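Remember, it's a predicted structure, so these values are computed and weren't measured experimentally. Sequence lines set the chain letters: A, B, ... in the order given, protein chains first and strands last, and positions in each chain run from 1. All heavy atoms count here, side chains included; hydrogens, waters and symmetry mates do not.
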2 protein chains.
Amino acid sequence: MTKYESIAAVIKQRIQDNVYQTGTLLPNQSDLASEFGVSRMTINKAINILTMEGFVSSQRGFGTKILNHPLWNKDVSPVNEYRGLSFQMAEQHRQIKSQIISFEVAFPEKKIQERLMLTPQQPVYQIVRLRIVDDDPFILEHTIMPVDLIPNLTDDILKESIYHYIQFDLGLQIAGAYRNIQATRADEFDIKYLQCQPTDPVLEVEQVAYLKNGRPFEYSHSRNRFDKRGYTELDMRN
Amino acid sequence: MTKYESIAAVIKQRIQDNVYQTGTLLPNQSDLASEFGVSRMTINKAINILTMEGFVSSQRGFGTKILNHPLWNKDVSPVNEYRGLSFQMAEQHRQIKSQIISFEVAFPEKKIQERLMLTPQQPVYQIVRLRIVDDDPFILEHTIMPVDLIPNLTDDILKESIYHYIQFDLGLQIAGAYRNIQATRADEFDIKYLQCQPTDPVLEVEQVAYLKNGRPFEYSHSRNRFDKRGYTELDMRN
DNA sequence: CAGTGGTCTAGACCACGGG
DNA sequence: CCGTGGTCTAGACCACTGC
């Protein structure tokens, strides 16, 4: 934990505790620097985090205003998506189960070779999992990962969290992801496993996720029941 | 344009011109600092931008690797969403027309009062526009904005770009937006104006956009034809 | 005008990855 | 071990806001 992260956490707590009230201004950066015994650049970095997370908004020549946060009750940590669904649900005290529908190894198709930067000879896992939250089918996930990057994947890991395995057991660092979100019609798979009607829409999230070393490690399609789950984001800038 | 923004632009250009090649490492930050005649912190800030935009990925103790960018041909500028659809389409040399379906002023409903932080007595515009790209119906936008924040809105502005008017004519600064993306069924409006079938899915983006001064200035629902438009994002971290 | 945040510097120390 | 990027400092200048 760096200094600016700790300071951001303290200020966030003060906002939540109404020590700093919504609609008012934060103390100026110099005063905060004195209070925390750090340089102003460090305060500036802390405030940048809070800006990205949507808690405050700064204006040169004016000050830093505390915003009425649209997602107070939800998770807005900067690592949001990369802890996987398991973590998110645990935070909301919801029970998640994963049913493995298929788990195979094969050589990648052309499209996958391109997306994951693979040769035709590099095998991939092909995983289909049904994520069940509080006993209701929620998301049908089709995941493809290179075997050489993610070795020794087992049923036990798939039933828990792949992301936990990648980050904590393999020690790999995740850089980010590219996503495309579409609405589509339910297909036979969705009808069977998500228990959709044939005329139901489905929210489809296509994702390619990358490691810090530059290699894509996951290509996935998440098919979400339209009445159970949306996709929420907070997009704030400096 | 700040120094770190210019430097980021130069480095990005070198990547595009293959002066720095995909998969190799960038020169180290000290060398770049010498070359550009700036301090290393400035180089660091420039590289942060490139990281957020998905061009490079840094690892402490190793270096900064140039990534195979998933969106080379698309717009990844950091102000992506805030220039509005008009600007995006102009960049792709596509023709956009806006048909005004309704444009009224009214007192806000309860839900809108909450979302836009208004009293029941503060009037709002209620705008419905059909965005037509290359002569095909594309998006049906329901937009609500407070009259006091966005004065003197006219038909002419609505046919062009509201975002341009807000930023350039009114001089307001946009902080960001909260979005929720859902798949839904087509309703009568969609069928009539987007020329959907009754069984077609629709991609719905609900958005609340904020100014830097903390006031929400827009509540909107964009209903996108499922076969014409998805929602794409690049989500990279440090 | 005084006060604010945004940027920038020239150093420094440290954590980490690789040989 | 060395070289890397990440952080941090104590200042400085500037652009902008509001009065």
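Here A:Ser30 lies out of heavy-atom contact (under 4.0 Å) with every strand. In this structure, A:Asn44 reaches the bases: a heavy-atom distance under 4.0 Å links it to at least one base atom across the strands shown.
Protein atom CG of B:Asn238 is 14 Å distant from nucleotide atom P of D:dG5, rounded to whole Å. As rounded to whole Å, 13 Å separates atom C1' of D:dT17 from atom NZ of A:Lys65. At whole-Å resolution of the value, CE in B:Met1 and P in C:dC8 are 11 Å apart. Taking atom CG on B:Leu172 and atom P on D:dT17, their separation rounds to 11 Å, with Å as the unit. The interatomic distance linking B:Asn48 (CG) with D:dG5 (P) rounds to 12 Å, in whole Å. Put simply, CD1 on A:Ile43 is 13 Å from C1' on D:dT9, counting in whole angstrom units.
When each of C:dA10, D:dT9, D:dG6 is scored by its nearest atom to the side-chain atoms of B:Ser39, the top-ranked nucleotide is C:dA10. Considering only side-chain atoms of A:Tyr4, the nucleotide from D:dC8, C:dC8, C:dG6 that sits closest is D:dC8. Of the candidate nucleotides D:dT9, D:dC13, D:dG5, D:dC13 has the atom lying nearest to any side-chain atom of A:Arg40. When distances run from any side-chain atom of A:Asn28 to the nucleotides D:dC8, C:dA10, C:dG5, the shortest one goes to C:dG5.
Side-chain N or O atoms of B:Lys65 include one that pairs as donor or acceptor with a backbone N or O of A:Asn213 at under 3.5 Å.
For C:dT7, one of the phosphate oxygens OP1 or OP2 lies less than 4.0 angstrom from a side-chain nitrogen or oxygen of B:Lys45. The phosphate of C:dT7 (OP1 or OP2) has no side-chain N or O of B:Thr42 nearer than 4.0 angstrom. Here A:Lys3 does not reach the OP1 or OP2 of D:dG6: none of its side-chain N or O atoms lies under 4.0 Å away.
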Distances for protein N/O vs nucleotides 16-19 of chain C N/O pairs under 3.5 angstrom?
none

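Over its full length, the helix from C:dC1-D:dG18 to C:dG18-D:dC1 turns its helical axis through 20°, comparing axes from the five pairs at each end and rounding to 10°.
Classification of the B:His164-B:Phe168 ring pair by plane angle, with boundaries at 30° and 60°, yields parallel.
Electrostatic pairing of B:Lys12 and B:Asp17 does not count as a salt bridge here, judged by no charged N lying under 4.0 Å from a carboxylate O.
Nearest-nucleotide positions on DNA chain D for A:Met41 and B:Asp31 put B:Asp31 closer to the 5' end.
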